[in-house]
Amino acid sequence: MVTRLVLFDIDGTLVLTGGAGMRAMNRACEDLVGHGNALDGIQLAGRTDWIILQDAAARVGRELHRDLRHELRTRYVVHLREEILLPGRGIKAVMPGIREALDALSERPDVALGLVTGNFIEGARIKLEHFDLWKYFRCGAYGDDASDRNALVPIAIRRAREARVADVSPACVVVIGDTPHDIACAQAAGAVSIGVATGHYTADQLRACGAEIVFSDLSDTEAFLRAIG
Ligand SMILES: [Mg+2]
């Protein structure tokens with residue numbers, strides 16, 4: 001019987017894509033608002049794709065109305081399919097210990113795995129399929145579902161229940177992420193937060209914003225499994 005729902009963030013937590021997401025968003029903005037570097041200087045880490053696009057559009061003096069939102073998302077997905085194949089800049093890899101941790105958690109009958117991410121669902125799928133990680137996740141809440149990340153954990157819990165993957169209270173949900181936004185969305189929902197310092201934030205920064213448990217990375221599978229409970 002499933003008694004734990006474990007929800008992973010994607011960027012900086014499961015994988016880094018060498019900037020593929022940012023390049024794809026810049027290309028989408030270039031297609032539709034004629035600005036090739038609309039994302040320069042906009043904070044990406046831990047934020048939802050809708051909020052990022054809203055900031056990018058505002059920057060070039062455009063309102064992100066419904067049609068433009070949907071066109072930008074469509075173009076983003078098209079470009080991401082290409083960009084994810086490129087070596088990119090910086091780190092493009094699965095984060096340390098992630099495959100081992102997901103294999104071990106998948107074996108446990110008391111654990112269900114899901115995603116809670118600011119990525120649009122199609123973007124999440126493209127990124128994780130590239131690294132052969134999509135297969136591990138049975139439910140999730142995505143950037144399409146809300147622009148406010150703090151709304152996502154309750155949505156993931158509801159989806160898990162509807163899909164008969166897990167029927168658990170928020171206290172039995174663990175959220176794993178690399179930014180203060182991940183910790184905040186766990187706290188907002190009454191879930192347990194685990195910070196992992198493989199993205200833009202240090203272990204001390206994640207601790208300072210209230211992460212209950214913090215790892216520098218997840219390479220110690222045993223310690224991570226113990227933290228899950
Ligand atoms: Mg992240």
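For ligands, and for the atoms within them, numbers begin at 1 and follow the listed sequence. The residues of the chain are indexed from 1 along the displayed sequence. Remember, predicted model here, so these are calculated numbers, not experimental data.
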Out of the N/O/S atoms in [X], what is the name of the one closest to the Mg ion (ligand 1)?
{"X": "Asp9", "answer": "OD2"}
{"X": "Asp11", "answer": "O"}
{"X": "Asp178", "answer": "OD1"}

Whether Trp134 and Tyr142 hold their rings parallel, tilted or perpendicular, with breakpoints at 30° and 60°:
tilted
Could you go step by step and tell me if Lys135 and Glu129 meet the salt bridge (charged side-chain N to carboxylate O under 4.0 Å, His left out) rule?
CA-CA 8 Å; Lys135 62 188 181 188; Glu129 279 185 339; over 6 Å; no
Could you tell me if the side chain of Phe131 sits less than 4.5 Å from the side chain of Lys92, heavy atoms only?
yes
Strictly below 4.0 Å, N to O, side chains only: are Arg4 and Asp110 in salt-bridge contact?
no
May I ask you to check whether Asp182 brings an N, O or S atom to under 2.8 Å from the Mg ion (ligand 1)?
no
